[in-house]
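Below, read A as the first sequence line, B as the second, and so on, with proteins coming before strands; counting in each chain starts at 1.
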Protein chains: 2
Amino acid sequence: MKVSPTTDELPFLVLAAANALVESVQSAMAHAGYTDLRPAHGFAFVRLAGAGCTVGQLADHLGVTKQAASKLVDELARQDYVARSPHPDDGRAVLVVLSDKGRAATRAASQAATDAVSVWASALEPGRIEQISYDLSLLAGNSGVRPTW
Amino acid sequence: MKVSPTTDELPFLVLAAANALVESVQSAMAHAGYTDLRPAHGFAFVRLAGAGCTVGQLADHLGVTKQAASKLVDELARQDYVARSPHPDDGRAVLVVLSDKGRAATRAASQAATDAVSVWASALEPGRIEQISYDLSLLAGNSGVRPTW
DNA sequence: CCCTTTCGTCAACTAAATTGACTATATAGT
DNA sequence: ACTATATAGTCAATTTAGTTGACGAAAGGG
């Protein structure tokens, strides 16, 4: 099958764009004083926002084992970003919830991400963003946000 | 600043699209029998294709230390994907070049990536790909392809 | 020629995941 | 109600992919 030269570069562009985005958020967070948070923590916050979730659900979201998720929660709890609370419906389970500090960090990260794409969006023709969102959602399928590599 | 709901999801879409792409290539490679290669190796092949490069150049390309790159080359050499040859111009340097097997793997990976975006492209309106390439290149800036997280 | 820098590798250590084993709780079958 | 099995989470040991530090060999500039 014949493809345009552009098509060949596209995989690299998608990768590079994702990197640029994460680096931008990471840099903004570091600048805001959150030097003890890595991107993986940000991905966890996404799932924890709202009512929180169990360790197992967090593990599924991140695409790692329950043990790894448990360690991540340990870390975040030690730094006061989250708290473990007993699960109301299941005595075995642990409900992990964001603390005030955790919610503040989540807001900062979310804002940083929105800023990054806003700057980008302003460099594009109006309406292009909606197109791109739709197009990317086709490529994304049901993949999670967490890179497994 | 006010942003559309779409803008908020965009960061996740970009990440998910990148993941889907890498997973697709990885899966195709595994299916083709390359079960001993990880995405990091693929990123190395990109740089090695053509005349090859030194360990230091590879390290720069991958965004890791020279020591880490040296280990990666060890691994690839043990599996016969690359060979170390003396550098023609610099007695200290090592020129790392792809073997026949390495070139075959590189072609397979490249084809898998092209296939993935081709399938995607065929689901989009004609001409949209060129727009997306341009738009993504703005977001990508000069970021490399290798995630540092 | 030295003196300094650069290229690559060896070694030891670290970070973040894995697999395996175990306890406590929940749930299904009889 | 009682036993059997499955599930949630954690502890421990191991693996993996990277790091920092130290070094020898070759290059290059006073």
Side-chain angles (χ1 to χ4, degrees), chain A residues 19 22-23 26 30 35-45 47-48 51-79 81-97 144-149, chain B residues 19 22-23 26 30 35-45 47-48 51-79 81-97 144-149:
Chain A
N19 281 341
V22 173
E23 274 163 29
Q26 187 66 11
T35 51
D36 53 357
L37 290 176
R38 287 169 292 124
H41 299 133
F43 294 130
F45 288 166
R47 183 64 180 80
L48 292 169
C53 69
T54 68
V55 172
Q57 289 172 328
L58 184 59
D60 284 347
H61 175 74
L62 297 177
V64 298
T65 58
K66 282 189 303 180
Q67 292 90 327
S70 182
K71 278 208 225 169
L72 196 80
V73 170
D74 269 354
E75 216 181 313
L76 289 172
R78 226 179 307 112
Q79 299 167 301
Y81 287 105
V82 305
R84 285 184 166 97
S85 71
H87 195 287
D89 303 339
D90 189 335
R92 299 165 299 178
V94 169
L95 188 59
V96 182
V97 291
V145 290
R146 181 83 200 293
T148 42
W149 9 313
Chain B
N19 281 339
V22 173
E23 275 164 29
Q26 186 66 12
T35 51
D36 53 357
L37 291 175
R38 287 169 292 123
H41 299 133
F43 294 130
F45 288 166
R47 184 65 180 81
L48 292 170
C53 69
T54 68
V55 172
Q57 290 171 328
L58 184 59
D60 284 347
H61 174 74
L62 296 176
V64 298
T65 59
K66 281 189 303 181
Q67 292 90 327
S70 182
K71 278 207 227 173
L72 197 79
V73 170
D74 268 354
E75 216 181 313
L76 289 173
R78 226 179 307 112
Q79 300 168 297
Y81 287 106
V82 305
R84 286 183 164 97
S85 70
H87 195 285
D89 304 337
D90 189 334
R92 300 164 299 176
V94 168
L95 188 59
V96 183
V97 292
V145 290
R146 181 82 199 295
T148 41
W149 12 310

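Annotation: side-chain contact (heavy atoms from CB on, under 4.5 Å) contacts of A:E75 (sequence neighbours excluded): A:R38, A:H41, A:L72, A:R78, A:Q79. In this view, B:T65 and B:Q67, B:A68 satisfy the side-chain contact (heavy atoms from CB on, under 4.5 Å) rule, not counting sequence neighbours. In this structure, the salt bridge (Lys or Arg N to Asp or Glu O under 4.0 Å) partners of B:D74, at least two apart in sequence or on a different chain, are B:R84. Every salt bridge (Lys or Arg N to Asp or Glu O under 4.0 Å) that B:D90 has, sequence neighbours left out, goes to B:R92.
Here the straight-line distance linking atom CG of A:L37 with atom CZ of A:F45 works out to 5.0 Å at 0.5 Å rounding. How far CG of B:L62 is from CD of B:Q57: 12.0 Å, rounded to the nearest 0.5 Å.
For the residue pair B:V82 and B:V73, the shortest heavy atom distance occurs at CG2-O, 4.0 Å.
A close approach under 4.0 Å does not occur between any side-chain nitrogen or oxygen of A:R84 and OP1 or OP2 of D:dG9.
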Enumerate the protein-to-nucleotides 27-30 of chain D contacts in which both atoms are nitrogen or oxygen and the separation is below 3.5 Å.
from: D:dA27; atom 1: OP1; to: B:G91; atom 2: N; distance (Å): 2.8

Find every protein N or O atom lying less than 3.5 Å from an N or O atom of nucleotides 20-24 of chain D, and list the pairs.
from: D:dG21; atom 1: O6; to: B:Q67; atom 2: NE2; distance (Å): 2.8

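Per the geometry, CG belonging to A:L72 stands 15 Å off P belonging to D:dC11, to the nearest Å. The nearest whole Å value for the distance from the CD atom in B:E75 to the P atom in D:dT15 is 16 Å.
Positionally, the nearest nucleotide of DNA chain C for B:L95 lies more toward the 5' end than for the other of B:L95 and A:K71.
Chain B approaches DNA chain C within less than 4.0 angstrom (heavy atoms of the protein), and the contacting nucleotides run 5' to 3' from C:dT6 to C:dC10.
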